[in-house]
Amino acid sequence: MYRWKTRFHEEEDRPEKPRRYGVTEMRAPNYTIFTRDLLQFHYIQETFESMGEFVDGLKFTGGSNSMMPKSFIKDVTDMARKHNVYVSTGDWAEHLLRKGPSGFKEYLEECKQLGFDTVELNMGSFGFPEETLLRFVRLIKNAGLKAKPQFSVKFEKSDIPKAGNRAYGSYVVPTPQNSEMIEDMDLMITRAERCLDAGADMIMIDADDVCKYVDTIRSDIIAKVIGRLGLEKIMFETSNAKASEWFINQYGPRVNLFVDQGQVLNLECLRGQNIGNISRSVFGRSSFLF
């Protein structure tokens, strides 16, 4: 059925699920709860039935799961489990930190009952001491769930060198006024390393700012993160198809990516390294992907 996959190099193809690398996590569609039966549930179901082998995870973003009936969430998690797809919380766990450890433990227990496998925790949302945040990572693990701390890669557009200002195929070292950015990156990576030491299963990198400027992407930033943390322990959030293509071209099909639900097939084509042929033969024009 998926003929382009026969053109994978054997050593580059991804293993069967559950995968440790080459993971594709899909954003759950966030429509109003009043139309959930017609839109969300059936859309997710159709995606799993048609492309389930390419989807490793499903994430409810923006705290959307907190606004949905528990029965609906349980139906979705049960369906995901049938297709060997894990289900992750989104930007919501950090809000429960206000209630302290006891309230957070109750939240984790509810996540287990609803069928969630992974709890994402935005490490930059609150000004808690690092040791406190690491303690919450351990609480997630002790509850029998996977922990996925999230960090952000943010920089100003002025930090991006002008077009053509490159050195050996990458970008020149930032000028002295950008040295603060380099120090911030080192600090973020160090904190991510400590999360992994505390038992975190995966580090989510919100590379939205990087993806906004994909045509002039700061490849040195991404390379530094991957060099320190390792490719298999990082997942990058990519906000558009061009960013996904850049990551695959730079780091191959083994890179872990979080994408919108409509990009799953496109991403698999990219991983298959035959994007031009598949887009023309199946869709009749290569511009489909962009």
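Along the sequence shown, residues are numbered consecutively beginning with 1.
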Problem set entry | Non-neighbouring partners of R135 that pass salt bridge (charged side-chain N to carboxylate O under 4.0 Å, His left out), sequence neighbours left out | none
Exercise. Do R191 and L187 have side chains that get closer than 4.5 Å, going by heavy atoms?
Worked result: yes
Exercise. What pairs with R194 under side-chain contact (heavy atoms from CB on, under 4.5 Å), at least two apart in sequence or on another chain?
Worked result: E130, E131, L134
Exercise. Going through the checks in order, is the side chain to side chain contact (heavy atoms under 4.5 Å, CB included) test met by N256 and I234?
Worked result: CA-CA 7 Å; N256 306 315; I234 312 171; 5.7 Å; no
Problem set entry | Partners passing side-chain contact (heavy atoms from CB on, under 4.5 Å) against K17 (at least two apart in sequence or in another chain) | R19, D56, N84, V85
Exercise. When you measure from the side chain of R271 to the backbone N and O of V255, does any donor-acceptor pair fall under 3.5 Å?
Worked result: yes
Exercise. With sequence neighbours excluded, what pairs up with N249 under the side-chain contact (heavy atoms from CB on, under 4.5 Å) test?
Worked result: E245
Problem set entry | side-chain hydrogen bond (donor to acceptor under 3.5 Å, both in side chains) against Y86, all qualifying residues, sequence neighbours excluded | E25
Exercise. Would a distance-only check, ignoring hydrogens and angles, find a side-chain to backbone donor-acceptor pair under 3.5 Å from S244 to L267?
Worked result: no
Exercise. Can you tell me how far NE2 of H42 sits from CD of E49, rounded to the nearest 0.5 angstrom?
Worked result: 10.5 Å
Problem set entry | Test item: L114 and K70 side chains (from C-beta on) under 4.5 Å apart, heavy atoms | yes
Problem set entry | Spacing of CE belonging to M188 relative to NZ belonging to K224, to within rounding of 0.5 Å | 10.0 Å
Problem set entry | side chain to side chain contact (heavy atoms under 4.5 Å, CB included) assessment of I222 paired with Q250 | CA-CA 10 Å; I222 302 301; Q250 291 294 316; over 6 Å; no
Exercise. So how far is it from M202 CE to L196 CG, rounded to the nearest 0.5 Å?
Worked result: 9.5 Å
Exercise. Given side chains that start at C-beta, do those of K59 and M204 come closer than 4.5 Å, heavy atoms only?
Worked result: yes
For this session: Grab the two heavy atoms, one from L139 and one from F104, that are nearest each other, plus how far apart they are.
Result: CD1-CD2, 4.2 Å
For this session: Could you please spell out the steps behind the side chain to side chain contact (heavy atoms under 4.5 Å, CB included) verdict for Q261 and Y43?
Result: CA-CA 9 Å; Q261 67 274 12; Y43 190 100; 3.3 Å; yes
For this session: Identify, with sequence neighbours excluded, every residue that meets salt bridge (charged side-chain N to carboxylate O under 4.0 Å, His left out) alongside D260.
Result: R27
Exercise. Would K146 and D117 satisfy side chain to side chain contact (heavy atoms under 4.5 Å, CB included), going step by step from the backbone distance to the final call?
Worked result: CA-CA 6 Å; K146 292 184 178 181; D117 308 280; 5.7 Å; no
Exercise. Atom CG of L257 and atom CD1 of I205: how far apart are they, to the nearest 0.5 Å?
Worked result: 12.5 Å
Problem set entry | Interatomic spacing from CG in L265 to OG1 in T47 - rounded to 0.5 Å | 10.5 Å
Exercise. How close do A223 and Y251 get, heavy atom to heavy atom, and via which atoms?
Worked result: CA-OH, 3.4 Å
Seminar exercise, completed: All heavy atoms of C111 vs all of V119, minimum pair found to be SG-CG2, 4.5 Å
Problem set entry | Partners meeting side-chain hydrogen bond (donor to acceptor under 3.5 Å, both in side chains) with K112 (sequence neighbours left out) | none
Seminar exercise, completed: Taking every heavy atom of F60 against every heavy atom of A28, the minimum-distance pair comes out as CD2-CB, 4.1 Å
Problem set entry | Distance-minimising heavy-atom pair for C195 and M123 | SG-CE, 3.5 Å
Exercise. For E106, which residues count as a salt bridge (charged side-chain N to carboxylate O under 4.0 Å, His left out) partner, sequence neighbours excluded?
Worked result: none
For this session: List the atom of A198, the atom of R138, and the distance in Å for their closest heavy-atom pair.
Result: O-CG, 3.8 Å
Exercise. Is it the case that more than 12 heavy atoms not belonging to K141 sit under 6.0 Å from its NZ atom?
Worked result: yes
Problem set entry | All side-chain contact (heavy atoms from CB on, under 4.5 Å) counterparts of E193, not counting sequence neighbours | I189, T190, R228, L229
Exercise. Quick one: salt bridge (charged side-chain N to carboxylate O under 4.0 Å, His left out) partners of E109, sequence neighbours excluded?
Worked result: none
Exercise. Residues in ring pair (Phe, Tyr, Trp, His ring centres under 6.0 Å) with F48, at least two apart?
Worked result: H83
Exercise. For the side chain to side chain contact (heavy atoms under 4.5 Å, CB included) test, which of T118, T89, I140, D201 pairs with L145?
Worked result: I140
Exercise. Under the salt bridge (charged side-chain N to carboxylate O under 4.0 Å, His left out) criterion, do K82 and D78 qualify, and how do the steps go?
Worked result: CA-CA 7 Å; K82 291 178 182 178; D78 288 344; over 6 Å; no
Exercise. Are I73 and F116 close enough that some pair of their side-chain heavy atoms sits under 4.5 Å apart?
Worked result: yes
For this session: Applying ring pair (Phe, Tyr, Trp, His ring centres under 6.0 Å), name anything that partners F258, two or more places apart in sequence or on another chain.
Result: none
For this session: Measure the CD-CD distance between Q150 and E120 for me, rounded to the nearest 0.5 Å.
Result: 4.5 Å
